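Take a look at the structure below.
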Amino acid sequence: MDGGPLVTEIGIRDVAAHAGVSVSTVSNALNRPELVSRTAADRVADAISALGYVPNVAARQLRAGRSNAIGMAVLNITNPFFSDVVLGAEEEAELAGYSVIVGNSYDSEKRESRYLDLFERQRLDGVLIAPVSGSLAMLERFRRRDVPVVLVDRVDHDGVLPSISLDDVLGGTMATEHLLQSGCRHIAFIGGPVRVDQMRERLEGARAAVERAGARFTFIETQTLNPGIGREIGDRIAALPAADRPDGIFAGNDHVALGVLQGLLRHGIAVPDEVSIVGYDDIDFAAAAVVPLTSVRQPSHDMGAHAARLLLQRLGAVPEKPLITRFEPVLVPRQSTRHPADG
């Protein structure tokens, strides 16, 4: 790995030298303590404490051939969409005797890199990842070691890595066309960051639909997606003069959409009579909102299960399936938008 000094790991030989015993004595003290005298065991324990030695469970697993664990890095585990994806992956992996170690990158490339470092150090059998950025260079280390990687909610446009994803351009198009067909003439897309493929593709679908309709389009980019950001933007939109205010809002996910809904309602903006809102993911909270939220549904649980199945396929644990699966989104109309017949 590039950058920073090399760190020498403390090994069993270091412990043996510090304790003044043989390597086999240290091994027995760790694995078969009944074979070691109390004095030798104490010397080994003191050496381990002094050196900060951590038994390399991963190395033992590697010698055995498998760790029976896979790593999974997702963008934001607080988003119910990703929670469901993880649940689907865990259930599928468990059926094949594998555990899933989950890391939450929270839209941070630095956090994502730390989790990938952890997965590599632990010698996990494979990696599932919803990447933060468009670059997949950070995954090259696993390819060199022949560790299978499957992309989640993302497509490798070079066709190297297997993937499970949704057609987000189509999803963005469907959401925006629904707003336009219900009579909206000024559409705002709220989402980001655009370095995330899913957001960029949803934006692409929305912008193209608006251009075809000859309507007005506004893009409000965010650096993360949560209800607090949505409420702030809802406040800003409510403060605009009516003539400048978008009458249709397409949010990059339901968290943002629900925040925008709250922000508009607390300023007395009627939804959908004055402003219609469409979210994305169709999380459980969408249908339970004070104004039930129209949303683009992703089959999150199935996506996680399919991703795990692809990885297990490459590990030889399940029968082979197609390497690339692309799900289609489904628009779920509710009361946050006027339906075309009402427009």
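No experiment lies behind these values; they were computed from the predicted model shown.
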Is a side-chain N or O of Arg297 found less than 3.5 angstrom from the main chain of Asp282, in a donor-acceptor match?
-> no
Hey, is the main chain of Ile277 close enough, under 3.5 Å, to the side chain of Ser336 for a donor-acceptor pair?
-> yes
Count the heavy atoms of every other residue, nucleotide or ligand shown that sit under 6.0 Å from CG of Asp284, and state whether that count exceeds 12.
-> no
Could you verify whether a donor N or O on one side chain and an acceptor N or O on the other, from Arg326 and Ser165, lie under 3.5 Å apart?
-> yes
Output yes when a side-chain donor or acceptor of Asp254 lies under 3.5 Å from a complementary backbone atom of Tyr280, and no otherwise.
-> yes
List the steps and the verdict of side chain to side chain contact (heavy atoms under 4.5 Å, CB included) for His301 and Leu87.
-> CA-CA 7 Å; His301 188 278; Leu87 181 60; 4.3 Å; yes
Rounded to the nearest 0.5 Å, the CD1 atom of Ile77 sits from the OG atom of Ser83 at a distance of 4.5 Å
Exceeds 12 heavy-atom contacts within 6.0 angstrom, atom CD of Glu274 | yes
Can you name the one residue among Asp153, Asp168, Asn253 that meets side-chain hydrogen bond (donor to acceptor under 3.5 Å, both in side chains) with Gln198?
-> Asp153
Got a sec, which residues hit side chain to side chain contact (heavy atoms under 4.5 Å, CB included) with Ser24, two or more places apart in sequence or on another chain?
-> Ser22
N/O donor-acceptor pairs under 3.5 Å from side chains in residues 210-221, not counting sequence neighbours:
residue, atom, partner, partner atom, Å
Arg212, NH2, Glu177, OE2, 3.4
Thr218, OG1, His186, NE2, 2.8
Glu221, OE2, Val194, N, 3.1

Should we count CG of Asp244 as having more than 12 external heavy atoms under 6.0 Å?
-> yes
Got a donor-acceptor contact below 3.5 angstrom from the Thr222 side chain to the Leu225 backbone?
-> no
Ring centroid separation His18 to Tyr53 under 6.0 Å | no
Side chain to side chain, Asn76 and Phe81, heavy atoms closer than 4.5 Å = no
Give a yes or no on whether the backbone of Arg334 and the side-chain of Thr294 come within a donor-acceptor separation of less than 3.5 Å.
-> yes
Can you check whether Arg43's main-chain N or O pairs, donor with acceptor, with Asp46's side chain at less than 3.5 Å?
-> no
